[in-house]
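Just below is one structure, and these are the notes that go with it.
The first residue of the sequence shown is numbered 1, and numbering continues consecutively from there. The model shown is predicted, which means the values in this text are computed figures rather than measured ones.
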Amino acid sequence: MAKQRKIPKAVKLRTGFLTRLLIVILLAALVCEVYALRAKVSDAEEVKAQTAAQVESRRQENDALAADIEEGCTPEKMQEIARRELGWVLPDEYVFEVGS
């Protein structure tokens, strides 16, 4: 006859009240930390989107300036800058300011 092997019985772990309480507290802290991280990630994504919009705006400004540089200095450009930045007008022009 073949020998029968003894199958060990399942070991039953005894967990006390304090151990269970500690596990629940740790799980609650973990859940709170996950929610805090989600808020931080959301804020970071918003900042990323704003920064991307600023980068695109600056890129468009740079492209416009590069086009102005390639075009060179023309009399029309000089006249536009003189009007816009210095408030100059041609001798036969009249300027009427509305409101103040």
Legend entry - All pairs passing salt bridge (Lys or Arg N to Asp or Glu O under 4.0 Å) where residues 34-47 contributes a residue, at least two apart: none
Legend entry - Fellow cluster residues of Val34, listed by chain then number, with links counted only when side-chain atoms sit under 4.5 Å apart: none
Legend entry - Partners meeting salt bridge (charged side-chain N to carboxylate O under 4.0 Å, His left out) with Glu56 (sequence neighbours left out): Arg59
Inset, instruction - Sequence neighbours left out, what pairs pass salt bridge (Lys or Arg N to Asp or Glu O under 4.0 Å) with at least one residue falling in residues 71-84? - result: Asp68-Lys77, Glu80-Arg84, Arg83-Glu93
Inset, instruction - Rounded to the nearest 0.5 Å, what's the gap from OG on Ser57 to CG on Asn62? Could you check? - result: 9.5 Å
Inset, instruction - With side chain to side chain contact (heavy atoms under 4.5 Å, CB included) as the test, would you mind laying out the steps for Leu90 and Gln79 before giving the verdict? - result: CA-CA 9 Å; Leu90 294 174; Gln79 192 176 42; 3.2 Å; yes
Legend entry - Apart from Val47 itself, residues in the same hydrophobic cluster as defined by side-chain heavy atoms under 4.5 Å: none
Inset, instruction - If you link ILVMFWY side chains whenever their heavy atoms are less than 4.5 Å apart, which other residues fall into the same cluster as Phe96? By chain and number, please. - result: Tyr94
Inset, instruction - Write out all pairs satisfying side chain to side chain donor-acceptor pair (under 3.5 Å) with one or both partners inside residues 16-33, taking only residues at least two apart or from two chains. - result: Thr15-Arg20
Inset, instruction - List in chain and number order the residues that pass salt bridge (charged side-chain N to carboxylate O under 4.0 Å, His left out) with Glu61, two or more places apart in sequence or in another chain; answer none if no residue qualifies. - result: none
Inset, instruction - Tell me who clusters with Leu27, hydrophobic residues only, linked when side chains sit under 4.5 Å apart either directly or through other members. - result: Ile23
